[in-house]
Engineer: 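Can you read through this structure? Questions will come right after.
Fair warning: this is a prediction, and the values are worked out from it, not measured in the lab. Letters A, B, ... are given to chains in the order of the sequence lines, protein chains preceding strands, and every chain is numbered from 1.
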Number of protein chains: 2
Amino acid sequence: MTDAKPTEPRLRLLLAAEALFARKGYDGATVREICDRAGMNVAAINYHFGDKERLYIETVRHAHACGVSDAGPPPQLAGLPPAERLRGFVAAMLKNMDAPVRPESMQLLMRELSQPSPATISVVEDFIRPMAMGLFAILAELLPDLPERQRLMVGFSVVGQCLYYRQNRTVSTLLFGAAAVDALSLDAITEHITRFTFAALGLAGAYPTVVRTEGAV
Amino acid sequence: MTDAKPTEPRLRLLLAAEALFARKGYDGATVREICDRAGMNVAAINYHFGDKERLYIETVRHAHACGVSDAGPPPQLAGLPPAERLRGFVAAMLKNMDAPVRPESMQLLMRELSQPSPATISVVEDFIRPMAMGLFAILAELLPDLPERQRLMVGFSVVGQCLYYRQNRTVSTLLFGAAAVDALSLDAITEHITRFTFAALGLAGAYPTVVRTEGAV
DNA sequence: GTTTGCTTCAATCAATTGTTTCAATCGCCC
DNA sequence: GGGCGATTGAAACAATTGATTGAAGCAAAC
């Protein structure tokens, strides 16, 4: 299909660059590698994008444009109570990070966020801010009387729990082994974070009291 | 005086390399930059370390050796109840990350953890594992009946909340402004995470006592 | 068939990279 | 002071980097 090997040379370059920038970073990836992967000549970068830096910027833009469209809007939770929407938010965030539609895009965006470059701002504005606003709308409804500063930290606690599994998977694996880490299914993590957060916010009983529902396999 | 500009050339190189590797990564930092900053000739790297790669490995080792010694042992909480030790753990972790004794070391180690290299394993083993074991010893005492898998996720929730503030400070600042982010003092964050976690685990009342019913919508 | 505009190619450029060389210098013990 | 190993310095190395050139290819339009 055109998806696996698109005919448009510009897109071929973007996808090749995305994969290599994601894996090796801006300095680590060379224009020759990128063009080789795209099956093109080095001059192609100069022709289509001008230079390496503009190729990088365009690659990030393309990645986050795909990310925005592919991440999909949060499920239809408009009418549900805020607690249910919070659960939906956690589930959507974990799902997007765990098995994104295009892994290289996500990897590149995460790298971009951890090491800000001129291209970072637009990623934050277009990709991250909508999610953040969604979360804090839920929290404002859920905790109307909480001072804003503390509501901010509650939000950080929620996304901090979610981000951990993507940002620190390598360390977790080195510490506890691949088996233990891989055993944590997406559903299990979602369930845990939701329950942990609900318990913290008093929306449900304390965390450990609910344990027995698990089949303990 | 000797601290700002140590006389030992080897150490001068290590400190210069640490700063530049931390800021620009392995590929981004050049040997000439490093030697310039150290006030030495390019040949120094070859003489003292052999090549750039071995300099990098030694730099990471040195950084995490300093980190281990400087991070300091967890405060004397041996005899205290596990809940108090958990509070101490959160406080110590946040403090180490917020204002580490040597910021460049911490930055380099965090970079190393997010983009694993051959030098990562020893960092994890010597620097991270002791902390992790300390945390899970507390959790085992605190939640003896919880299945191990869930205890693991509880640990991830605790450190995930803490790590967020270091790993995502840039994004937070872009989203909410420097003022809002900087307004979160170390004490405030420590207090928040501790209270959030305690509430989740049923060690204290729900986080915000303001939420009574979900009368909303 | 020829032209036209877009795209690709091989070859090459200048600059930078990590690395090496070898002479000069330093510090120290005899 | 003389000798000597350890260290440093300036220069240059080969390789790789990003960038550029001009000719060749190729499609559609005329």
Engineer: Nearest of C:dT19, C:dT8, D:dT17 to any side-chain atom of A:Pro9?
Structural biologist: C:dT8
Engineer: Expressed as a whole number of angstroms, how long is the span from A:Tyr47:OH to C:dC9:P?
Structural biologist: 13 Å
Engineer: Could you state the CG-P distance from B:Leu20 to C:dG18, rounded to the nearest angstrom?
Structural biologist: 11 Å
Engineer: Can you tell me the distance, in whole Å, between the CZ atom of B:Arg10 and the P atom of D:dT8?
Structural biologist: 12 Å
Engineer: Among C:dT20, D:dG9, C:dT8, find the nucleotide with the atom closest to the side chain of B:Val42.
Structural biologist: C:dT20
Engineer: Could you tell me whether the side chain of A:Gln115 reaches within less than 4.5 Å of the side chain of B:Arg111, counting heavy atoms only?
Structural biologist: yes
Engineer: Could you go through A:Leu184 and A:Tyr165, starting from their C-alpha distance and side-chain angles, then the distance that decides it, and tell me whether this counts as side chain to side chain contact (heavy atoms under 4.5 Å, CB included)?
Structural biologist: CA-CA 10 Å; A:Leu184 302 178; A:Tyr165 292 87; 4.1 Å; yes
Engineer: What distance separates B:Gln150 CD from B:Leu146 CG, expressed to the nearest 0.5 Å?
Structural biologist: 5.0 Å
Engineer: To the nearest Å, give me how far apart CG (B:Leu13) and P (D:dG9) are.
Structural biologist: 11 Å
Engineer: Tell me the interatomic distance from A:Lys52, atom NZ, to D:dT16, atom C1', rounded to whole angstroms.
Structural biologist: 12 Å
Engineer: Report the C-alpha distance between A:Ser157 and B:Gln161 in whole Å, list the side-chain angles of each, state the deciding distance to 0.1 Å, and finish with yes or no for side chain to side chain donor-acceptor pair (under 3.5 Å).
Structural biologist: CA-CA 5 Å; A:Ser157 283; B:Gln161 290 182 78; 2.7 Å; yes
Engineer: Using distance alone, with no hydrogens and no angle criterion, decide if A:Glu18 and A:Ser105 have a side-chain donor and acceptor under 3.5 Å apart.
Structural biologist: yes
Engineer: Can you figure out which of D:dT21, D:dA19, C:dT19 approaches the side chain of A:Ala43 most closely?
Structural biologist: D:dT21
Engineer: Tell me whether the centres of the aromatic rings in B:His192 and B:Tyr207 are closer together than 6.0 Å.
Structural biologist: yes
Engineer: Considering heavy-atom distances to DNA chain C, does B:Ile45 or A:His48 have its closest nucleotide positioned more toward the 5' end?
Structural biologist: A:His48
Engineer: In residues 31-39 of chain A, which residues come under 4.0 Å of DNA chain D by heavy atom?
Structural biologist: A:Val31, A:Arg32
Engineer: Starting at the 5' end of DNA chain D and moving along, which residue's nearest nucleotide shows up first, B:Met40 or A:Glu53?
Structural biologist: B:Met40
Engineer: Starting at NZ of A:Lys24 and ending at P of D:dG18, how long is that distance when rounded to a whole Å?
Structural biologist: 11 Å
Engineer: So what does B:Asn46 hit on the nucleic acid, given a heavy-atom distance under 4.0 Å: a base, only sugar-phosphate, or nothing?
Structural biologist: base
Engineer: Whole-Å distance between C:dT20 P and B:Asp51 CG?
Structural biologist: 8 Å
Engineer: By the 4.0 Å heavy-atom rule, please label A:Ala44 as base, sugar-phosphate, or nothing.
Structural biologist: nothing
Engineer: For B:Asn41 and A:Ala29, take the nucleotide of DNA chain D holding the closest heavy atom to each; which residue's nucleotide lies nearer the 5' end?
Structural biologist: B:Asn41
Engineer: Would you please indicate if the ring centroids of B:Phe176 and A:Phe136 are separated by under 6.0 Å?
Structural biologist: yes
Engineer: Distance check needed: D:dT16 C1' versus A:Asp27 CG, whole Å only.
Structural biologist: 14 Å
